[in-house]
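Atom set for the values below is all heavy atoms of this structure, side chains included, hydrogens, waters and symmetry mates excluded. Residue numbers start at 1 and run along the sequence shown. Indexing begins at 1, ligand by ligand and atom by atom, following the structure's order.
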Amino acid sequence: MMMMMPALSSAALLLLLLLPGTLTESHPPVSISVVVESPNTKPVTYTTHVVFRGILLGALKRLMNSNANFKFTYTEDPNYGPYLESVNGVAGSAEDHTYWELLVETPDDKTIRPDVGTGCYIPSANDKIILRFSKYNNQCTT
Ligand code: B12
């Protein structure tokens with residue numbers, strides 16, 4: 001038996017599709033830069049983009065797929081998701097108490113240390129993402 005759509009709901013659907021700011025609106029991708037601060041080498045800056053409200057991990061994967069000079073690996077933590085393990089062949093080590101720290105320089109020149117990892121952080125336009133090889137003293141202050 002053919003289903004009849006009530007006249008009011010199809011009109012409402014049409015209205016929804018035509019109204020700006022509803023289903024039809026798409027947002028442009030957000031440009032970000034990624035700075036890798038690795039030991040014994042000068043910082044290297046890359047540019048990439050992330051989809052509207054997309055996570056940093058997606059931007060890092062996009063960058064890796066488009067630039068042969070940038071690569072990273074991560075492990076999957078059962079509670080917190082992706083843990084950045086190595087960048088450009090340099091890996092953090094539990095033995096040496098080293099890790100890749102995630103910092104963000106915002107367009108108004110503030111440096112923040114996000115309290116979430118790459119799987120949860122949502123970059124804003126023109127964020128400068130800093131991946132810094134750092135040492136820890138068995139604590140995480142965020
Ligand atoms: C110690 C610690 C660290 C140490 C871990 C190494 C070590 N061997 O000690 C170091 C300094 C490396 C660290 C780093 C970071 N951490 Co930390 N860390 C902690 C802390 C204080 C304790 C974890 C712990 O030892 N648990 C006990 C052990 C027995 O359990 P476990 O499951 O084996 O613990 C492991 C995981 O927690 C993992 N881990 C630690 N931090 C993070 C962060 C992420 C994103 C992931 C996926 C895994 C992970 O390392 C632990 C040891 O192997 C917790 C807060 C808390 N009180 O729980 C925050 C915490 C887990 N960290 C957090 C964050 C945000 C980070 C960073 C992203 C900070 C940054 N901006 O750089 C980075 C990770 C960056 C990356 N490379 O991906 C958040 C995670 C929140 C979230 N939802 O994402 C927490 C909850 C602190 C907070 N903000 O409240 N961290």
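Residues Thr73 and Ser86 come closest through the heavy atom pair OG1-OG, 2.7 Å. Here the closest heavy-atom approach between residue Ser124 and residue Val30 is recorded as C-CG1, 3.5 Å.
Around atom 42 (C) of ligand 1, the closest heavy atom drawn from Phe72, Tyr83, Trp100 belongs to Tyr83. When the heavy-atom distances from atom 73 (C) of ligand 1 to Tyr136, Tyr80, Phe133, Tyr99 are ranked, the shortest goes to Tyr99.
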Please evaluate residues Val104 and Leu56 with respect to the criterion side-chain contact (heavy atoms from CB on, under 4.5 Å), reporting the C-alpha separation (whole Å), side-chain torsions for both, the decisive distance (0.1 Å), and the verdict.
CA-CA 11 Å; Val104 178; Leu56 177 59; over 6 Å; no
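Every atom of ligand 1 with a heavy atom of Gly117 under 4.0 Å away is listed here by number and element: 45 (C), 68 (C), 84 (O). Against a heavy-atom cut-off of under 4.0 Å, Arg113 is close to the following atoms of ligand 1: 69 (C), 70 (C), 71 (N), 72 (O). Using a 4.0 Å cut-off to heavy atoms of Asp115, the atoms of ligand 1 that qualify are 65 (C), 79 (C), 81 (C), 82 (C), 89 (N).
Of the N or O atoms in Pro82, none lie within a sub-3.5 Å distance of an N or O in ligand 1. Geometrically, ligand 1 and Leu84 share a nitrogen or oxygen pair separated by less than 3.5 Å. Between Glu101 and ligand 1, a contact under 3.5 Å exists for no N or O pair. Remark: ligand 1 and Pro114 share an N or O pair separated by less than 3.5 Å (distance only, no angle test). Every N/O-N/O distance between Gly81 and ligand 1 stays at or above 3.5 Å.
Lys135 places a side-chain N or O within 3.5 Å of a backbone atom of Asp96 that can act as its donor or acceptor partner. A donor-acceptor pair is defined here as one N or O able to donate and one able to accept, closer than 3.5 Å; no such pair exists between the side chain of Asp127 and the backbone of Thr106.
Tyr99 contributes atom OH, which lies 9.5 Å from atom OH of Tyr136 (distance to the nearest 0.5 angstrom).
Counting heavy atoms under 4.0 Å from ligand 1, residue Leu102 touches it through both backbone and side chain.
Counting only residues at least two apart or in different chains, ring pair (Phe, Tyr, Trp, His ring centres under 6.0 Å) contacts with residues 103-133 comprise Trp100-Phe133.
Through chains of ILVMFWY side-chain contacts below 4.5 Å, Leu103 is grouped with Val35, Ile130.
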